[in-house]
Amino acid sequence: MNTGKVDALLGIVFGDEGKGKVVDFFTPKYDVVARFAGGPNAGHTIIFDGKKFVLRSIPSGIFDEHKVNIIGNGCVIAPDLFMAEARELEAAGYDLTSRLHISKRAHLILPTHRVLDRAYEAAKGKGKVGTTGKGIGPTYSDKAARIGLRVGDILDGFEEKYRALKARHEQILKDLGFTDYDITDDERRWMEGVEYMRGFRLSDTEHEINALLREGKNVLAEGAQGSLLDIDHGTYPFVSSSSTTCGGVCTGLGVAPRMIGEVFGIFKAYSTRVGSGPFPVELFDETGDTIRHIGNEYGAVTGRNRRCGWIDLVALRYAIIINGVTQLVMMKGDVLDGFATIKACVAYRKDGVTTTDMPFDTAGWEPVYEELPGWQADLTGVRRESDFPPAFKAYIDYLERQLATPITIVSVGPDREATIIR
């Protein structure tokens, strides 16, 4: 029997690698595109035909009317934000109800979850995580505590379940002394979003995916955030609250490990991070500012400045191992066009100790760099590997040797066409 496979497309450092563009580029090769983790804290930017779209909860295959798009059970959904995102796509001419399926097992982000997010962050003082304030962490906390609301709950006895969880949240907020909030307008829009969601196909998507796989259909699992923000394997506690690594594909969609095929790891030609937490390669000088400006390194959801630095091979090696990456996708090579010298972090050093392995805690470690010549040429018009400047080709070859993994796709601009298969 010709059984289909689930290929995973993952950000493998701190997220913001440009996953949305790559998923959009890959979509024609797949029958299904599925989100397996995260919520509206992830912004996947897609640019084509002179139009720009930022997807937060909806899979990036939604622009192809012939594809099935699934929001899996590992995701969390805010009905009001989902409604706003979906209506924007509908206004642009895309019929979502015919191509988007939502897992009944996905958890709902309540308005009070967002208030709790702010309250918990305020209580941390100097130890703030740098959350987006979208209620992601409190929602996953309720999921783990077995008290959360799920999408399937909106179909039966919803109002009573909602009131009970809301009251529980309000008591926690009262205990925290966090009482200066008003969710009246948010709750009204949220309830409107719940009603809007009832018009979609809410189903047991794990059965759907496995039935499609048995028919020989292929699935592209779209990651959110990055591997170093994984709740288990990231730079804890400065992480997201979901499983962002390849293991999350199985738990977040309900597919067996043997169904995983290729694992595409997406990374930038340099490094970025949003929010708090250790970042050994961070640049605080003009070079970091230049990378941020040229790369437009500002959060797609929050608009926050992204912290910028040279590429971190210690982090990349670690992510490749824990995800079982089979192919690498390098984004934004064009951002480094103007640099005469490029640096790559090959190890960390602290208290006289040097390591090439990812330590338990990366705080206080300093980067050990190797320098390479820059290409100082405009890559944005390049569409074939044979036209790569020699120094850029040498940079790719260097990374492949260091990471022991092939770089099979290179992006040199935001448009679909600026994607080169090697």
Side-chain angles (χ1 to χ4, degrees), residues 11-14 16-19 21-22 25 47 226 264-273 279-297 306-320 325-349 356 366-422:
I12 56 170
V13 193
F14 289 113
D16 309 311
E17 296 94 349
K19 292 179 289 295
K21 175 197 170 180
V22 182
F25 180 80
I47 300 173
F264 297 94
I266 308 179
F267 71 102
K268 291 175 184 172
Y270 50 94
S271 300
T272 63
R273 177 167 195 166
F279 189 33
V281 297
E282 184 171 9
L283 295 170
F284 300 94
D285 57 9
E286 185 180 345
T287 297
D289 292 339
T290 299
I291 292 174
R292 181 180 304 107
H293 175 70
I294 297 174
N296 191 31
E297 295 296 352
R306 293 175 184 151
R307 301 153 67 189
C308 297
W310 297 115
I311 196 166
D312 188 340
L313 301 181
V314 177
L316 281 169
R317 291 191 202 102
Y318 175 71
I320 288 168
V325 173
T326 58
Q327 299 182 47
L328 289 168
V329 179
M330 188 173 81
M331 309 296 289
K332 292 194 165 185
D334 55 298
V335 173
L336 303 182
D337 282 354
F339 291 95
T341 301
I342 308 293
K343 292 185 180 181
C345 172
V346 295
Y348 295 161
R349 182 180 294 131
T356 56
E366 296 181 352
V368 177
Y369 288 118
E370 288 186 355
E371 294 189 355
L372 298 94
W375 41 95
Q376 295 186 283
D378 184 1
L379 294 176
T380 56
V382 174
R383 296 294 179 267
R384 297 177 300 179
E385 182 182 7
S386 57
D387 294 330
F388 285 165
F392 183 59
K393 178 67 165 60
Y395 184 61
I396 295 172
D397 292 343
Y398 170 83
L399 296 179
E400 287 185 321
R401 291 194 302 273
Q402 287 283 334
L403 302 173
T405 308
I407 298 173
T408 56
I409 298 175
V410 175
S411 175
V412 292
D415 291 330
R416 282 175 174 170
E417 296 74 20
T419 310
I420 299 158
I421 307 295
R422 300 181 69 227

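Worth saying up front: this structure is predicted, and the values here are computed from it rather than measured.
The number of heavy atoms from other shown groups lying within 6.0 Å of CZ (Arg349) does not exceed 12. For Glu366, the CD atom sits in a loose shell: 12 or fewer heavy atoms of surrounding residues, nucleotides or ligands are nearer than 6.0 Å.
Of the possible donor and acceptor atoms, none in the side chain of Asp387 sits under 3.5 Å from a partner among the backbone N and O of Val382. Between the Asp397 side chain and the Glu400 main chain, no donor and acceptor come within less than 3.5 Å of each other.
Residue Phe267 is tested with Val325, Val329, Ile407 for a side-chain contact (heavy atoms from CB on, under 4.5 Å); the sole match is Ile407. Here the options are Val410, Thr405, Ile396, Thr408, the test is side-chain contact (heavy atoms from CB on, under 4.5 Å), and the partner is Leu328; only Thr405 passes. Put simply, the residue from Met330, Gln327, Glu385 that forms a side-chain contact (heavy atoms from CB on, under 4.5 Å) with Arg422 is Glu385.
Side-chain contact between Val13 and Leu316 is present, with at least one heavy-atom pair separated by less than 4.5 Å. Here the side chains of Thr290 and Phe339 are in contact, with some heavy-atom distance below 4.5 Å. For the pair Phe284/Asp289, no side-chain contact is recorded, criterion being any heavy-atom separation below 4.5 Å from C-beta on. Counting heavy atoms from C-beta outward, Leu313 and Tyr398 have side chains that approach closer than 4.5 Å. Looking only at side-chain heavy atoms (C-beta outward), Trp310 and Asp312 stay at 4.5 Å or farther from each other. Within the 4.5 Å cutoff, the side chain of Thr380 has heavy atoms near those of the Asp334 side chain. Counting heavy atoms from C-beta on, the side chains of Ile342 and Tyr270 never come closer than 4.5 Å.
A pairwise comparison of heavy atoms in Pro367 and Cys345 identifies CB-SG, 3.7 Å as the closest pair. Residues Gln376 and Gly338 share a closest heavy-atom pair of NE2-O, 4.0 Å. Thr356 approaches Ala347 most closely through the heavy-atom pair CG2-CB, 4.0 Å. Pro389 approaches Ala377 most closely through the heavy-atom pair CG-CB, 3.9 Å. Lys332 and Glu297 get closest at one heavy-atom pair: NZ-OE2, 2.9 Å.
Thr341 and Glu371 share no side-chain donor-acceptor pair at under 3.5 Å.
Between Tyr395 and Trp375, the angle of the ring planes lies from 30° to 60°, which puts this pair in the tilted group. Taking the six-membered ring where tryptophan is involved, the planes of Phe388 and Phe392 are perpendicular, since the angle between them exceeds 60° and thus also 30°.
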Item to complete: Apply side chain to side chain contact (heavy atoms under 4.5 Å, CB included) to the pair Leu403 and Ile320, showing each step before the final yes or no.
Response: CA-CA 8 Å; Leu403 302 173; Ile320 288 168; 3.8 Å; yes
Practice prompt. Check step by step if side chain to side chain contact (heavy atoms under 4.5 Å, CB included) holds for Ile291 and Thr272.
Written response: CA-CA 10 Å; Ile291 292 174; Thr272 63; 5.6 Å; no
Discussion item. As a quick check of understanding, evaluate side chain to side chain contact (heavy atoms under 4.5 Å, CB included) for Val412 and Arg383, giving each step before the final call.
Written reply: CA-CA 9 Å; Val412 292; Arg383 296 294 179 267; 4.1 Å; yes
Discussion item. Does Tyr369 form a side chain to side chain contact (heavy atoms under 4.5 Å, CB included) with Val346? I'd like the steps, not just the answer.
Written reply: CA-CA 6 Å; Tyr369 288 118; Val346 295; over 6 Å; no
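The pair Lys268-Glu17 does not count as a salt bridge, with every side-chain nitrogen at least 4.0 angstrom from each carboxylate oxygen. Between Glu282 and Arg306, none of the side-chain N atoms (NZ, or NE/NH1/NH2) sits under 4.0 Å from a carboxylate O, so this pair counts as no salt bridge.
With values rounded to the nearest 0.5 angstrom, Glu417 atom CD is found 11.0 Å from Ser411 atom OG. Atom OG in Ser271 sits 12.0 Å away from atom CG in Asp16 (nearest 0.5 Å).
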